[in-house]
Amino acid sequence: MTTVLKLGGSLITDKERAETLDGTALSAAADAIAECRDDLALVHGAGSFGHHYAEKHGVSVTEGTTDAGDALEIHGSMTTLNRFVLSRLHDRDVSALPVHPLSAGGRDADAALDMPIPAVRTMLGEGFVPVSHGDVIAHEDHGATIISGDEVVVRFAEGLDADRIGLCSTVDGVYDEHGDVIDHIEDFDAVADALGGSDATDVTGGMAGKVRTLLDLDAPAYVFGADDLSAFLSGGEPGTRIG
Ligand SMILES: Nc1ncnc2c1ncn2[C@@H]1O[C@H](COP(=O)(O)OP(=O)(O)OP(=O)(O)O)[C@@H](O)[C@H]1O
Ligand SMILES: C=C(C)CCOP(=O)(O)O
């Protein structure tokens with residue numbers, strides 16, 4: 001069983017304060033991951049790390065920078081967060097290794113992503129847990145733009161032929177207009193009105209972008225909160241099922 005799991009940036013950082021980790025939430029997530037026996041590929045979002053610098057430099061999924069210093073500042077904040085995640089996992093004997101999208105892929109002029117994943121597949125085969133993240137990425141005719149962790153999740157899910165996908169965030173699932181968790185989403189238009197952006201600095205689109213990308217996948221995806229991470233990793237179907 002191959003599982004792709006994203007730890008939302010909103011979950012593992014304090015999105016209101018620049019470059020601030022939510023150590024308690026990250027440790028709890030690492031505890032749950034340490035118990036998982038699936039082949040697990042992890043991705044984490046940016047939260048108050050990457051988004052802060054992306055906004056500072058005016059870089060988004062469509063607006064690029066040709067300034068290497070600016071790109072490196074965004075990337076560096078993400079590798080810092082990645083080291084925190086790896087370190088909490090290593091503390092629990094999880095064999096986690098980093099995968100940095102900036103060094104692994106690029107976009108063409110139409111923004112199509114080319115991110116080969118043989119290295120990720122080999123890591124999984126050798127018993128490692130690859131840990132990737134949202135990042136900056138070279139983008140033809142744009143310099144470098146942002147790739148969200150959600151897009152890495154989609155690439156991993158397709159490339160690894162994943163059986164299930166989980167997005168663990170600060171919300172219990174995708175809410176409808178009344179604030180109730182939607183059980184199952186099969187069609188974007190049916191829920192579009194209820195889907196907003198993110199409630200903090202976020203250059204990649206919040207919940208609407210998430211649902212849109214997850215609907216493109218063959219494998220089912222689940223959006224759920226921190227309390228349901230163990231249930232998801234042991235085969236449960238918490239929160240909102242997408243697809
Ligand atoms: N209908 C909805 N249901 C649930 N959350 C919603 C909805 N509409 C908007 N949101 C917002 O989406 C946010 C979750 O998306 P966000 O991109 O911030 O999560 P994340 O993946 O944890 O963070 P990051 O993008 O930093 O990795 C929630 O904090 C909430 O404010
Ligand atoms: C802002 C950067 C660098 C990546 C954004 O990734 P996300 O938090 O998964 O949307």
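Please read these numbers as outputs of a predicted model, since none were measured by experiment. FYI, the numbering just counts along the sequence from 1. In listed order, ligands and their atoms are each counted from 1. Any value given below was found using the heavy atoms of this structure, including those in side chains, with hydrogens, waters and symmetry copies removed.
- When all heavy atoms are compared, the tightest approach of G47 to T13 is CA-OG1, 3.3 Å.
- Per-residue contacts place I74 under 4.0 angstrom from the following atoms of ligand 2 (heavy atoms of the residue considered): 3 (C).
- Backbone and side-chain nitrogen or oxygen atoms of L195 are examined, and none is located within less than 3.5 angstrom of a nitrogen or oxygen of ligand 1.
- Among the atoms of D150, none of the N or O lies under 3.5 angstrom from an N or O of ligand 1.
- Considering backbone and side-chain atoms together, A194 places an N or O closer than 3.5 Å to an N or O of ligand 1.
- Only side-chain heavy atoms of K210 come within less than 4.0 Å of ligand 1; its backbone N, CA, C and O stay farther off.
- The closest approach between K6 and ligand 1 falls below 4.0 Å for a heavy atom of the residue.
- In terms of heavy atoms, V4 sits closest to A162 at CG2-CB, 3.8 Å.
- Using a 4.0 Å cutoff on heavy atoms, I147 counts as a contact of ligand 2.
- At least one side-chain heavy atom of F156 sits under 4.5 Å from a side-chain heavy atom of I117.
- The closest heavy-atom contact to atom 4 (C) of ligand 1, among the options G134, G173, G50, comes from G173.
- In this structure, R241 does not pair ionically with D183, as no charged nitrogen and carboxylate oxygen lie closer than 4.0 Å.
- Contact analysis leaves H133 out of contact with ligand 2, as no non-hydrogen atom separation drops below 4.0 angstrom.
- Here's the thing with G9: one of its N/O atoms is less than 3.5 angstrom from an N/O atom of ligand 1.
- The closest non-hydrogen atom to atom 8 (O) of ligand 2, taken over A46, S48, A71, comes from A46.
- Between E140 and D108, the shortest heavy-atom distance links the atoms OE1-CA, 3.5 Å.
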